[in-house]
2 protein chains.
Amino acid sequence: MSVQERKERERAARERLIVATARELAEEQGWDAVTTRRLAERIEYSQPVLYSHFRGKREIIGAVALEGAAEMAGALRAATRAADGPRARVVVLARTYLDFAERNPAVYDAMFQLDGGLAFAQEDTPAPLKDAFTALLETLAEVAGDGVHPGVFTEVFWASLHGLATLTRAGRLPAEYAEGRLELLVDRLAVV
Amino acid sequence: MSVQERKERERAARERLIVATARELAEEQGWDAVTTRRLAERIEYSQPVLYSHFRGKREIIGAVALEGAAEMAGALRAATRAADGPRARVVVLARTYLDFAERNPAVYDAMFQLDGGLAFAQEDTPAPLKDAFTALLETLAEVAGDGVHPGVFTEVFWASLHGLATLTRAGRLPAEYAEGRLELLVDRLAVV
DNA sequence: CGCGAATTCTAGCATCGCTAGACAATCGAG
DNA sequence: CTCGATTGTCTAGCGATGCTAGAATTCGCG
């Protein structure tokens, strides 16, 4: 028992180290800088070790994405729980989402911009991704408006936030009116 | 005169060939398949010729993006011109935008997902990009609503469309309710 | 025709993701 | 405690990538 268990624990710890290091490196210098060589050097193992944990770079991105999804779901729930009233909850939800994207650009990219080999919007979508969507839905369902499917409403709202997040960060939208855009979006989309 | 002029004409033609070929290849097999070697082979020149026209791959992507922006602006204007009434114009605008993104995924990526080295939302933003934004604004200004800056409204609307376009194409939104999402978005955002 | 300049190509660099096969460490049986 | 076998890890290398230096070629002009 003990020997094998210890090995498995160590292996799991190393896997977490890989994911954490990849995330770190990506936030520091962007995903392009996350090469298998650099990553291997940082965890102080050789490259092939990475491939004994993950099929390839794509799967490492996927692992970071799942970690990020869980974090985002937590952040969204924590933020909305502290807000009073449907409208305030939606505003804080949107702000928290955009804030997460801005503070964790590499993680956000792993989740929604890069190919992490994860299934979306299907039965076999990993739980953390489903749950992050659910976290959005919990707050948005109460402002979807009559006769509007909450899931579809959440999809639209999410897409809008995603558009704002990505275009702003890429410098394709001016940074200055960010708050005004957020409020306009909430005012128009949410039925309070 | 004549010799030098002919050379310049030929040079310009070859530059157009490079851009067109890059676009073709990207639409056929994705931007990852657009390598300098493959591109050079298709235009029947060696790799260094590419670098006598463009600083690197990034600039080639940028050139495709500009071409795409001009096309998109034309498509948006043609579509909205044929529609009666503000709401119908907005619906057809949104549909045309999403349609363009779906039919020209590689061009859309060059414009809004990849780094083409272009400036956005600044004075030195290339004219085609500014004009594409203007094409959106022309139709959207009349449904921005009282007291809402048309530019900011256009930014929000554009971001929402962009989110829908990218998330749908990446399979992160189910393909089935696409039309419903579009109509919901227009109903809520546009003030008619 | 033949020279000088402009143009194009060959060959190569550093780096990438990924992997085969050599090597080392560890385990269980006797 | 030793020794073979299994597991784990590393070294070295493959075929690509974007990009470039310098050789080779082509071309216009006197």
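Numbered from 1 within each chain, the chains take letters A, B, ... in sequence-line order. Bear in mind that the values here come from a model prediction, so they are computed numbers and not experimental data.
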Student: Between the side chain of A:Arg23 and the main-chain N/O of A:Gly68, is any donor-acceptor distance below 3.5 Å?
Tutor: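 Answer holds: no.
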
Student: Looking at B:Thr35, does any N or O in its side chain come under 4.0 Å of the phosphate oxygens OP1/OP2 on D:dT17?
Tutor: yes

Student: What is the distance, rounded to the nearest whole Å, between atom CZ of A:Arg11 and atom C1' of D:dT9?
Tutor: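 The answer, rounded to whole Å, is 12 Å.
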
Student: For D:dT9, take OP1 and OP2 only and decide whether either is under 4.0 Å from a side-chain N or O of A:Ser46.
Tutor: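 A:Ser46 to D:dT9 OP1/OP2: no side-chain N or O under 4.0 Å.
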
Student: Can you tell me how far P of D:dT9 sits from CD of A:Glu44, to the nearest Å?
Tutor: 14 Å

Student: Can you measure B:Glu10 atom CD to C:dT7 atom C1' for me and round it to whole angstrom units?
Tutor: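 About 12 Å, once rounded to whole Å.
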
Student: Count the heavy atoms of every other residue, nucleotide or ligand shown that sit under 6.0 Å from CD of B:Gln29, and state whether that count exceeds 12.
Tutor: yes

Student: Does C:dC18 have OP1 or OP2 sitting under 4.0 Å from an N or O in the side chain of A:Thr36?
Tutor: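 It does not, given that no N or O in the side chain of A:Thr36 lies less than 4.0 Å from OP1 or OP2 of C:dC18.
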
Student: Expressed in angstrom and rounded to an integer, what is the separation of A:Asp32 atom CG from D:dT17 atom P?
Tutor: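 Taking CG of A:Asp32 and P of D:dT17, I get 16 Å after rounding.
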
Student: How are the rings of B:Tyr97 and B:Phe112 set to each other: parallel, tilted or perpendicular (split at 30° and 60°)?
Tutor: parallel

Student: Whether the side chain of A:Thr80 engages the backbone of A:Arg77 through a donor-acceptor N/O pair (distance < 3.5 Å, no angle test) should be reported.
Tutor: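 Here the side-chain-to-backbone pair exists.
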
Student: Give the rounded distance in Å between these two atoms: CD of A:Glu59 and C1' of C:dC18.
Tutor: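 Checked: the CD to C1' distance equals 14 Å.
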
Student: Without decimals, in angstroms, what is the distance between B:Leu39 CG and D:dT17 P?
Tutor: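 Checked: the CG to P distance equals 12 Å.
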
Student: Looking only at side-chain atoms of B:Lys57, point me to the closest of C:dC18, C:dA20, D:dG18.
Tutor: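 For B:Lys57, the side-chain atoms sit closest to D:dG18.
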
Student: With a 6.0 Å cut-off (strictly less than), is the heavy-atom count around CZ of B:Phe54, excluding the residue itself, greater than 12?
Tutor: yes

Student: It should be established whether B:Arg14 places a side-chain nitrogen or oxygen under 4.0 Å from OP1 or OP2 of nucleotide C:dT8.
Tutor: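 Yes, within the criterion.
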
Student: Classify the side chain of A:Gln47 versus the base of D:dC10 as yes if they form a donor-acceptor pair under 3.5 Å and no if they do not.
Tutor: no

Student: Think A:Arg38 has a side-chain N or O under 4.0 angstrom from the OP1 or OP2 of C:dC16?
Tutor: yes

Student: In whole Å, I'd like the distance from the CZ atom of A:Arg37 to the P atom of D:dA16.
Tutor: 16 Å

Student: How close or far is atom C1' of D:dG13 from atom OH of A:Tyr51, stated in whole angstroms?
Tutor: 14 Å

